[in-house]
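First up is the structure itself, then whatever we jot down about it.
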Amino acid sequence: MNEQQIGDYLHERSSLTAGDVLSTLEQLPAAIAHFLKDGRTVIIRGLGTFYPAISSEGFEDPEKCKPNQVVLKRICLRTDKKFLHKMANTCFQQISEPGARERKKKTDL
């Protein structure tokens, strides 16, 4: 699924225009990044909490660790319990992706 497909899904279930939904979805990553860079966690109720995972080399004295020695490792998402509950009874099955056979044949050569 891409943002256009998700936007269409949300548009059909709300009073928002398709353009409004798509615009919001396109701006959401920049908004999350803005607040994370500001040192804040981002909570989206029903989805979860975004927060940075940071690291540095080990220091015995915390005073020796300077801000330029701390690096971003990844952005984490701790999912909301309600979101996990919605996914609890999900059944999975293997399906073929369109064009998968053709790609496999090309890589087998």
Side-chain angles (χ1 to χ4, degrees):
M1 296 298 293
N2 62 34
E3 68 274 0
Q4 180 68 50
Q5 294 164 314
I6 293 171
D8 290 342
Y9 177 88
L10 294 172
H11 163 65
E12 292 171 6
R13 287 156 182 77
S14 72
S15 61
L16 299 172
T17 67
D20 289 340
V21 174
L22 189 57
S23 177
T24 301
L25 288 174
E26 289 174 350
Q27 293 180 48
L28 185 60
I32 291 171
H34 170 80
F35 292 112
L36 290 175
K37 285 181 180 181
D38 199 32
R40 303 167 83 180
T41 58
V42 176
I43 301 167
I44 300 177
R45 190 178 44 211
L47 180 62
T49 303
F50 292 87
Y51 61 96
I54 57 175
S55 183
S56 71
E57 62 180 80
F59 292 92
E60 287 188 31
D61 181 4
E63 297 295 320
K64 291 184 179 180
C65 182
K66 304 297 178 200
N68 65 345
Q69 295 168 308
V70 178
V71 296
L72 176 68
K73 288 295 186 179
R74 65 184 173 278
I75 302 299
C76 302
L77 170 63
R78 184 174 49 242
T79 53
D80 188 292
K81 289 180 182 178
K82 290 179 183 178
F83 183 76
L84 287 175
H85 181 71
K86 288 179 184 179
M87 298 296 298
N89 295 324
T90 302
C91 295
F92 296 96
Q93 62 183 6
Q94 186 172 358
I95 59 172
S96 294
E97 182 182 338
R101 280 192 180 155
E102 291 77 20
R103 285 194 302 272
K104 182 169 176 28
K105 286 179 185 175
K106 288 180 184 177
T107 60
D108 288 344
L109 298 176

Report task. Take L22 and E3, measure what side-chain contact (heavy atoms from CB on, under 4.5 Å) needs, and give me the verdict at the end. Result -> CA-CA 7 Å; L22 189 57; E3 68 274 0; 3.8 Å; yes
Report task. Could I get the full list of side chain to side chain contact (heavy atoms under 4.5 Å, CB included) partners for D8, not counting sequence neighbours? Result -> Q4
Requested in this report: Say whether, by atom type as modelled, one donor and one acceptor occur between the side chain of H11 and the main chain of L16 under 3.5 angstrom.
Outcome: yes
**Report entry** Of all pairs that satisfy side chain to side chain donor-acceptor pair (under 3.5 Å), the ones with a partner from residues 13-37, not counting sequence neighbours
**Finding:** Y9-R13, T17-D20, S23-Q27
Report task. Sequence neighbours left out, what passes side chain to side chain contact (heavy atoms under 4.5 Å, CB included) with I32? Give chain and number order. Result -> L28, L36, V42, I44, F50
Donor-acceptor pairs are to be reported for all side-chain atoms of residues 77-92 against protein atoms at under 3.5 Å, with residues two or more places apart or in another chain.
residue, atom, partner, partner atom, Å
D80, OD1, K82, N, 2.7
D80, OD2, G46, N, 3.3
T90, OG1, M87, O, 2.6

Query raised in the report: How would you list all residue pairs meeting side chain to side chain donor-acceptor pair (under 3.5 Å) that involve residues 50-71, not counting sequence neighbours?
Result: none
Report summary line: Tightest non-hydrogen contact, residues L72 and P52, listed as CD1-CB, 3.7 Å
Query - Single-linkage hydrophobic cluster L47~M1, side-chain heavy atoms < 4.5 angstrom - result: no
